[in-house]
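Numbering of ligands and ligand atoms starts at 1, following listing order.
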Amino acid sequence: MRVLAVASECFPLVKTGGLADVVGALPAALAAHGVAVTTLLPGYPAVRAALAEACEIGSVPEGRLVAGRAGALDLVTFDAPALFDRPGDPYRRPDGADWPDNALRFAALARVAAAIATGRTALPRFDLLHAHDWQAGLAPAYLAFAPGPRVPSVLSVHNLAFQGQFGAELFPALGLPAEAFAVDGVEYYGGVGFLKAGLHYADRIITVSPTYAREIATPEGGMGLDGLIRARKDRITGIVNGIDIEVWSPETDAALPRRYDIGTLSLRAHNRAAVEAAFGLGPGPGPLFAVVSRLTWQKGIDLIAEALPLLLGAGGRLALLGTGDAALEGAFLAAAASHPGRVGVRIGFDEALSHLMFGGADAVLVPSRFEPCGLTQLYGLRYGCVPVVSRVGGLADTVIDANAAALEAGVATGIQFFPVTASALGAAILRAAELFADGEAWAGMQRAGMRADLSWSRRAGAYAAVFRAACAAGA
Ligand SMILES: Nc1ncnc2c1ncn2[C@@H]1O[C@H](COP(=O)(O)OP(=O)(O)O[C@H]2O[C@H](CO)[C@@H](O)[C@H](O)[C@H]2O)[C@@H](O)[C@H]1O
């Protein structure tokens, strides 16, 4: 089966979050299940620079479509300099504000995706289009109105909070027929909803964990889309994300001063010392907690600030790497200034430092208010960096809480808490500190986490099954 994936980011070429990791890792895993993926990306400068064996396959008014390869990835780039040749990250100007024409940029990407999928370029028609998140959300709508035999589509929802909602005045510029501006179409609360369009027109929908699939079908978790999600319930599948175990492996990770495996956990102490040096931390009796995250309300970062006195009181230390809300950045910089040697903060995005943190910190804090899947707890599991997580979404599905029965059976891999409040997080941090003090219990959790199967291989099989179901339904 030939699949055209379309997304706004893809590791290692361009990454602002977990979406990139998934888009970058899935193609190799799907190949083992008989699915050949070509990925369409915007022609950002970094993507164009990475493209090898480039060959033009078509053109549109906005620019050219160029096929090629980057490492193991089969790519098509949409070289439209006026839309994508810009400084800053994929969505924002260097000053942090969204580009004002994001709707037009990603509508163009989706339109081009439909053209490629339906065989209107030099590439043969694809069997299926796989759209990721709101930036690709209009692609299933364009396919629904494309001439010729229908190409089925699957929409992956990585985060329902980002919906791509724009005013009705955008609609004429989209080039969709007038009938598409309807409740049974792209219309959303009087405007145009990109993610809503994808949810409506896609043949199948994937969310990145089963618990998140259930949560978004409720008014509390549905962010205004729960009615549509309930209506399409039989078309939605929750598949927990995997991780790229070639990129994320403590045995081979070049970012670690000392590599280790499940039998040599004591070597992590060297990496812990490197984390302490990087964050200006002194030694301490309790666990070294790491945070690697966007600094936003979703991620519950404010709760960590509130629970900080308790964390420090338990002998813990904190190393935080992140970027996001200015108020949260400021709060943590202030905390680092007030607690030198106990709290270290790096504001920014640093892939190598994140690897070092998982390889050296004792625990990773993920107190998200909602979390479609979450990858940092998976990286923590893989590296023996015990995850302390809220019991929501994919965090609930991937971490086994250290309750008495799970500890006794040797299957506990981390600590879960609920409700998502600072006091419940504080209690979880205290439990972590107690378990840490009992070296054997802690090492047992580290080993159980490192034994977990986090690879994409089995999960890619579930994706392939959804793709086949979409093709069968579309036939
Ligand atoms: N400052 C920094 N420096 C270096 N690396 C940093 C960083 N801040 C974050 N990262 C990295 O970015 C990625 C974040 O992925 P997550 O899955 O945790 O969340 P995100 O909300 O971006 O993804 C959304 O999509 C993914 C993929 O489906 C879902 O898992 C998730 O629940 C959903 O919200 C991880 O690889 C992390 O290590």
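When hydrogens are left out, the protein atom nearest atom 14 (C) of ligand 1 is Gly18 N, 3.4 Å; that is the closest non-hydrogen contact. The protein heavy atom nearest to atom 34 (O) of ligand 1 is Glu371 OE2, 3.2 Å. With hydrogens left out, the protein atom closest to atom 19 (O) of ligand 1 is Lys299 NZ, 3.0 Å, a heavy atom. Remark: minimum distance from atom 33 (C) of ligand 1 to any protein heavy atom is reached at His158 O, 3.2 Å. In terms of protein heavy-atom proximity, atom 37 (C) of ligand 1 is closest to Thr376 CG2, 3.7 Å. In this structure, the protein non-hydrogen atom closest to atom 5 (N) of ligand 1 is Phe349 CZ, 3.5 Å. For atom 3 (N) of ligand 1, the nearest non-hydrogen atom of the protein is Asp350 N, 3.0 Å. For atom 18 (O) of ligand 1, the nearest protein heavy atom (residue, atom name, distance) is Leu375 N, 3.4 Å.
Using a non-hydrogen distance threshold of 4.0 Å, Gln298 registers as a contact of ligand 1. The closest approach between a heavy atom of Tyr379 and any atom of ligand 1 is below 4.0 Å. Ligand 1 has no atom lying under 4.0 Å from any heavy atom of Gln377. At least one heavy atom of Gly374 sits less than 4.0 Å from an atom of ligand 1. Note on ligand 1: Gly348 sits in its first shell, one or more heavy atoms being nearer than 4.0 Å.
Remark: the Ser8 side chain and the Tyr91 side chain contain an N/O donor-acceptor pair separated by less than 3.5 Å. Under the 3.5 Å distance criterion, with hydrogens and angles disregarded, a donor-acceptor pair is assigned to the side chains of Asn102 and Arg105.
At a 3.5 angstrom cut-off on N or O pairs, Gly17 does not count as close to ligand 1.
Below 30°, between 30° and 60°, or above 60°: for Phe467 and Tyr463 the angle between ring planes is above 60°, a perpendicular geometry. In this pair, Phe106 and Phe84 present their aromatic rings tilted. The plane angle is within the 30 to 60° band.
Atom numbering of ligand 1 starts at 1 in the shown order; those under 4.0 Å from a heavy atom of Arg294 are 8 (N), 20 (P), 21 (O), 22 (O). Remark: ligand 1 atoms within the under-4.0 Å shell around heavy atoms of Gly322 are 1 (N).
Within the 4.0 Å heavy-atom criterion, neither part of Val366 lies near ligand 1.
A donor-acceptor distance shorter than 3.5 angstrom exists from the side chain of Asp397 to the backbone of Thr211, with no hydrogens or angles considered.
Not less than 6.0 angstrom separates the ring centroid of Phe162 from the ring centroid of Trp134.
For Glu215, there are no side chain to side chain donor-acceptor pair (under 3.5 Å) partners at least two apart in sequence or on another chain.
Applying the side-chain hydrogen bond (donor to acceptor under 3.5 Å, both in side chains) test to residues at least two apart or on different chains, the pairs with a partner in residues 356-376 are Arg272-Asp362, Gln298-Glu371, Lys299-Glu371, Asp302-Arg369, Ser368-Glu371.
In this structure, Arg86 is positioned above the aromatic face of Trp99, its NZ or CZ under 6.0 Å from the six-membered ring centre and within 45° of the axis.
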